[in-house]
K.L.:
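After the structure tokens below, expect a handful of questions from me.
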Amino acid sequence: TATTTVKAVAYDGEKASDIISKTFKQLQVLTCEEAAELCAATESADKYVIRGYVTNIATAWSDQYSNISFWMADTKDGGKVFEAFRVQPIIAAEKSVKVGDYVEVIGKIVLYGTTPETTQGGTYTIIPAPVVNHNIAVSANPAEGGVVTGGREYEEGATATLTATANEGYEFVNWTENEVEVSTDAEYTFEVLADRALVANFKEVEPVKLYLNAKDWGYGDARFAAYFFDPAKWVDMTKVEGETYIYEVEVPAGYTQVIF
């Protein structure tokens, strides 16, 4: 256990305090897992600082005894790792501590039966939770199939929105993670709780072709063209191999109307 020595110093000829020096113990800070592992059958000689999330209220606040018991863990969903037993709030207004709060508990620790806990008389206060970031990685499969956006670091609990935009000649299929489908929406939104690697899958679009029978038009060997709208575009038609009168044209992506 480290110690800090504080000294009173005379300033501008004034007399220093009668308390020349005093030694304070710097309390060791533990995670809930560390505190649980450190607990022994006998009460610890020193006090510790244990920090973590409240995961369960073991005994509700008692106005009679001015204390509360709750379980803690290093993550919000970490379960019952360490119990703050009959602890009192440093700030009276914080007696309504609730599940999800991030707290700092100060007290001696002991293994009571199989329960790692603080001994009665410890204190607690609600403090800001540490900021946790997670990386959301995105990629396209195949790479030439489209463009994906939204991959970056996010703060835990934030909302991530990923977008997959297919390139010409491809269409979006789905989002997968570890080869398991997680969404079929090109715009995928979710709460960030952990690192993730997501793949936007695309597939080639089979070309749509239109056919024209020149014989029906009263022509034999001739030149035909298709005029596509939205936007306007002329495309020459080609004779189908092995056919005398049949001409074909591939429909460009995004076109909905045509005249010959």
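All values reported here derive from a predicted model rather than from experimental measurement.
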K.L.:
Can you confirm whether T31 sits close enough to E33 that some side-chain heavy atom of one is under 4.5 Å from a side-chain heavy atom of the other?
P.N.:
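Yes, at least one pair of side-chain atoms sits under 4.5 Å.
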K.L.:
Count I, L, V, M, F, W, Y as connected when their side-chain heavy atoms are under 4.5 Å apart, and connections chain through other members. Are W61 and V54 then in the same cluster?
P.N.:
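Same cluster.
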K.L.:
Quick check on the hydrophobic clustering: are F85 and I57 connected, directly or via other members, by side-chain heavy-atom contacts under 4.5 Å?
P.N.:
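Different hydrophobic clusters.
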K.L.:
First locate atom CD of Q28, then atom CG of L38, and finally report the distance between them rounded to the nearest 0.5 Å.
P.N.:
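The CD atom of Q28 sits 7.0 Å away from the CG atom of L38.
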K.L.:
Would you say the rings of F70 and Y124 are close, in the sense that their centroids are separated by under 6.0 Å?
P.N.:
yes
K.L.:
Under 3.5 Å, side chain of E171 to main-chain N/O of K203, donor-acceptor pair present?
P.N.:
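Answer holds: no.
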K.L.:
Evaluate the side-chain contact (heavy atoms from CB on, under 4.5 Å) criterion for residues V105 and V49: first the C-alpha distance (whole Å), next the side-chain angles of each, then the deciding distance (0.1 Å), finally the verdict.
P.N.:
CA-CA 6 Å; V105 174; V49 176; over 6 Å; no
K.L.:
For the CZ atom of R86 and the CD atom of Q120, what is their distance to the nearest 0.5 Å?
P.N.:
5.0 Å
K.L.:
How close do K76 and G100 get, heavy atom to heavy atom, and via which atoms?
P.N.:
CE-O, 4.4 Å
K.L.:
Please check this pair: side chain of S44 against backbone of I109, looking for a donor-acceptor N/O pair closer than 3.5 Å.
P.N.:
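Side chain of S44 to backbone of I109, a donor-acceptor pair under 3.5 Å: yes, one is there.
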K.L.:
Please find the pair of heavy atoms, one from L27 and one from K47, that lie closest to each other, and give the distance.
P.N.:
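The pair with the smallest heavy-atom distance is CD2-O, 3.6 Å.
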K.L.:
Which atom pair, heavy atoms only, marks the closest approach of K98 to D101?
P.N.:
N-OD2, 2.9 Å
K.L.:
Given the rule that I, L, V, M, F, W and Y join up when any side-chain heavy atoms are under 4.5 Å apart, are I68 and I90 in one cluster?
P.N.:
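No, I68 does not connect to I90 through the hydrophobic network.
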K.L.:
Could you go through the side-chain contact (heavy atoms from CB on, under 4.5 Å) check for E155 and V192 one step at a time?
P.N.:
CA-CA 7 Å; E155 187 174 321; V192 177; over 6 Å; no
K.L.:
In Å, rounded to the nearest 0.5 Å, how long is the span from SG of C39 to OH of Y112?
P.N.:
14.0 Å
K.L.:
Between the main-chain N or O of I91 and the side-chain N or O of E94, is there a donor-acceptor pair closer than 3.5 Å?
P.N.:
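No, E94 side chain to I91 backbone: no donor-acceptor pair under 3.5 Å.
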K.L.:
Grab the two heavy atoms, one from P128 and one from Y102, that are nearest each other, plus how far apart they are.
P.N.:
O-CD2, 3.5 Å
K.L.:
Examine V138 and V182 and state if one hydrophobic cluster contains both, with Ile, Leu, Val, Met, Phe, Trp and Tyr joined whenever side-chain heavy atoms are less than 4.5 Å apart.
P.N.:
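Linked within one cluster.
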K.L.:
When you check the side-chain N and O atoms of N174 and S183, is any donor under 3.5 Å from an acceptor?
P.N.:
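No, S183 and N174 have no side-chain donor paired with an acceptor closer than 3.5 Å.
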K.L.:
Pair T42, V110 - check side-chain contact (heavy atoms from CB on, under 4.5 Å), show working.
P.N.:
CA-CA 6 Å; T42 55; V110 67; 5.8 Å; no
K.L.:
Please name the pair of heavy atoms, one in G146 and one in A140, separated by the smallest distance, quoted to 0.1 Å.
P.N.:
O-CB, 3.7 Å
K.L.:
Whether D74 and R51 form a salt bridge (side-chain N of Lys/Arg under 4.0 Å from carboxylate O of Asp/Glu) is what I want to check.
P.N.:
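A salt bridge is absent here (no side-chain N lies under 4.0 Å from a carboxylate O).
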K.L.:
Give the cluster check for Y53 versus F82: same hydrophobic cluster or not, with ILVMFWY residues linked at side-chain heavy-atom distances below 4.5 Å.
P.N.:
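No, because Y53 and F82 fall into different hydrophobic clusters, even though each may have its own neighbours under 4.5 Å.
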K.L.:
Do L162 and W175 have side chains that approach each other closer than 4.5 Å (heavy atoms only, starting at C-beta)?
P.N.:
yes
K.L.:
To check you understand the geometry: which heavy-atom pair defines the closest contact between G52 and C32, and what is its length?
P.N.:
CA-SG, 3.8 Å
K.L.:
Taking atom OH of Y170 as the centre, report whether more than 12 heavy atoms of other residues, nucleotides or ligands fall under 6.0 Å from it.
P.N.:
yes
K.L.:
May I have the step-by-step check of side-chain contact (heavy atoms from CB on, under 4.5 Å) for I136 and L198, ending in yes or no?
P.N.:
CA-CA 8 Å; I136 304 301; L198 295 143; 4.1 Å; yes
K.L.:
Can you spot which of I127, V97, T125 makes a side chain to side chain contact (heavy atoms under 4.5 Å, CB included) with V103?
P.N.:
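Result: among I127, V97, T125, V97 is the only option passing the side chain to side chain contact (heavy atoms under 4.5 Å, CB included) with V103.
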K.L.:
Would you give the length of the straight line joining atom CE of M72 to atom CG of N56, rounded to the nearest 0.5 angstrom?
P.N.:
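The CG atom of N56 is 12.5 Å from CE of M72, to the nearest 0.5 Å.
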K.L.:
Say you draw a straight line from CZ of F190 to OG1 of T161; how long is it, rounded to the nearest 0.5 Å?
P.N.:
8.5 Å
K.L.:
When you check the side-chain N and O atoms of E153 and N135, is any donor under 3.5 Å from an acceptor?
P.N.:
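Looking only at side-chain atoms, N135 and E153 do not form any donor-acceptor pair under 3.5 Å.
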K.L.:
Within the 4.5 Å heavy-atom criterion, are T118 and V87 side-chain neighbours or not?
P.N.:
yes
K.L.:
Within 45 degrees of the axis of the six-membered ring of Y154 and under 6.0 Å from its centre: does R196 put its NZ or CZ there?
P.N.:
no
K.L.:
Which value, rounded to the nearest 0.5 Å, describes the distance between L30 atom CG and I50 atom CD1?
P.N.:
6.0 Å
